[in-house]
Amino acid sequence: QSELARAAHDRAAEAAEAAQRVADDAATAAEEHAAFARRAQEERRAVEAQVLEMAEARRKIVVTGGTSGIGLELVRRLADRHDILVAGRRADTDALPVLPEGVRYVHAPLTDPEAATQAIAEAMLKAGWVKLDNLVLNAGTGFAVEGGIESAAQIRETLAVNLTASVLLARALFPWLEKAGGTLTLVGSVAHTGQGLFPAYAASKAGLHGLARALRAEWSGRVAVQIV
């Protein structure tokens, strides 16, 4: 009986230790998520400050991801002073009611980067735009999953929206930007240095920093490139 009691005691102790480890892991994950949310808010304010520093002269501006969150806030602040084309994943019937009057909209989900790039370029041609003062690549996505273990489909979607689409759009719209001596603004993240539980998101944002450096060198003196 004493051996059984000791065995039961040992099992109970092991179970208690396992429960404590789970609780500690959960607490750590919660702290990391909270810290990430705080940094995201700081980034949001930085992006607003950067974009609102644009010259007061009326400009032609494309904003991706402009139907919600920070993108929509920027559009609302800029719409009365500039000509804005918003690109987003929402259907026209859902997007147009939330956008300021006079803002153009094109349905262009960045989950298909090539189709989205073509749709945005066609929308600019349809609007009669021959130059582009500012291209703000704000759209982004990511997945918060248990243990940070994303599926292959989630990784592909994150990279498509956050990185591939940015490369294709920057390339495709460069001629418009060059005519205006314009600015490409990439919306990055502090996660580019490495963010626990968000590996694909962090990798995509690190890629944006590499893209910004490459395009600055390539476009020097013709188009300004910034990442905020």
Side-chain angles (χ1 to χ4, degrees), residues 43-44 46-141 157 160-188 208 211-212 215 219 222-228:
E43 291 168 2
R44 184 190 201 71
V47 172
E48 290 178 354
Q50 288 281 346
V51 176
L52 291 174
E53 285 178 1
M54 294 174 182
E56 289 301 316
R58 194 164 188 88
R59 290 174 168 238
K60 291 182 173 15
I61 303 171
V62 169
V63 180
T64 65
T67 61
S68 62
I70 185 173
L72 180 57
E73 291 179 19
L74 291 173
V75 169
R76 286 172 172 168
R77 293 192 184 191
L78 295 171
D80 63 339
R81 294 180 287 120
H82 304 288
D83 299 320
I84 311 291
L85 170 63
V86 170
R89 59 184 174 80
R90 299 170 67 173
D92 292 18
T93 52
D94 294 329
L96 291 173
V98 305
L99 294 173
E101 185 177 355
V103 170
R104 293 179 172 86
Y105 179 72
V106 57
H107 178 239
L110 299 187
T111 47
D112 186 341
E114 291 177 304
T117 298
Q118 182 175 347
I120 293 169
E122 289 177 352
M124 291 174 60
L125 291 172
K126 184 178 180 180
W129 289 12
V130 295
K131 66 177 185 176
L132 181 62
D133 296 287
N134 296 88
L135 173 58
V136 183
L137 299 181
N138 163 75
T141 191
E157 181 172 339
V161 173
N162 297 356
L163 185 56
T164 306
S166 295
V167 177
L168 294 182
L169 281 167
R171 288 294 190 197
L173 302 188
F174 171 75
W176 277 276
L177 287 167
E178 186 178 30
K179 286 180 181 178
T183 299
L184 167 65
T185 299
L186 301 167
V187 178
L208 282 184
L211 175 63
L215 294 183
W219 296 354
R222 296 183 290 170
V223 173
V225 179
Q226 63 180 359
I227 184 163
V228 297

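Bear in mind that the values here come from a model prediction, so they are computed numbers and not experimental data.
The shortest side-chain heavy-atom distance between Val98 and Arg90 falls under the 4.5 Å cut-off. Residues Thr111 and Val161 meet the side-chain proximity criterion, which asks for heavy atoms closer than 4.5 Å. Side-chain contact between Gln226 and Thr183: present, with at least one pair of heavy atoms (C-beta onward) separated by less than 4.5 Å.
Taking each heavy atom of Ala123 and Val106 in turn, the nearest pair found is CB-CB, 3.9 Å. Between Ile227 and Gly188, the closest heavy-atom pair is CG1-N, 3.9 Å. Contact detail for Leu132 and Ala180: the closest heavy-atom pair is O-CB, 3.3 Å. Here the shortest heavy-atom pairing between Pro97 and Asp92 reads CD-O, 4.0 Å. Nearest heavy-atom pair, Val103 versus Ala79, reported as atom, atom and distance to 0.1 Å: CG2-CB, 3.7 Å. Ala108 approaches Ala87 most closely through the heavy-atom pair CB-CB, 4.3 Å.
Contacts classified as ring-ring contact (aromatic ring centres under 6.0 Å, His included) and involving residues 166-185 (residues at least two apart or in different chains) are given here: Phe174-Trp219.
When the shell of 6.0 Å around CD of Glu178 is examined, it contains more than 12 heavy atoms from other residues, nucleotides or ligands.
Atom OG of Ser166 is separated from atom CG of Leu211 by 7.0 Å, given to the nearest 0.5 angstrom. Here the NZ-NE2 distance, from Lys60 to His82, works out to 11.5 Å after rounding to the nearest 0.5 Å. Rounded to the nearest 0.5 Å, atoms OG1 (Thr64) and CG (Leu135) are 7.0 Å apart. Between the CG atom of Leu99 and the CG atom of Asp94 there is a distance of 11.0 Å, given to the nearest 0.5 Å. Interatomic distance, Leu177 CG to Lys179 NZ, rounded to the nearest 0.5 Å: 11.5 Å. Note that CG of Leu215 and CZ of Arg171 are 6.0 Å apart. Values are rounded to the nearest 0.5 Å.
Between the side chain of His107 and the backbone N or O of Arg89 there is at least one donor-acceptor pair closer than 3.5 Å. Asn134 places no side-chain N or O within 3.5 Å of a backbone atom of Ile61 that could act as its donor or acceptor partner. The backbone N or O of Thr67 sits nowhere less than 3.5 Å from a side-chain atom of Tyr105 that would complete a donor-acceptor pair.
Leu169 pairs in a side-chain contact (heavy atoms from CB on, under 4.5 Å) with only one of the listed residues (Thr164, Thr117, Leu184, Val62), which is Thr117.
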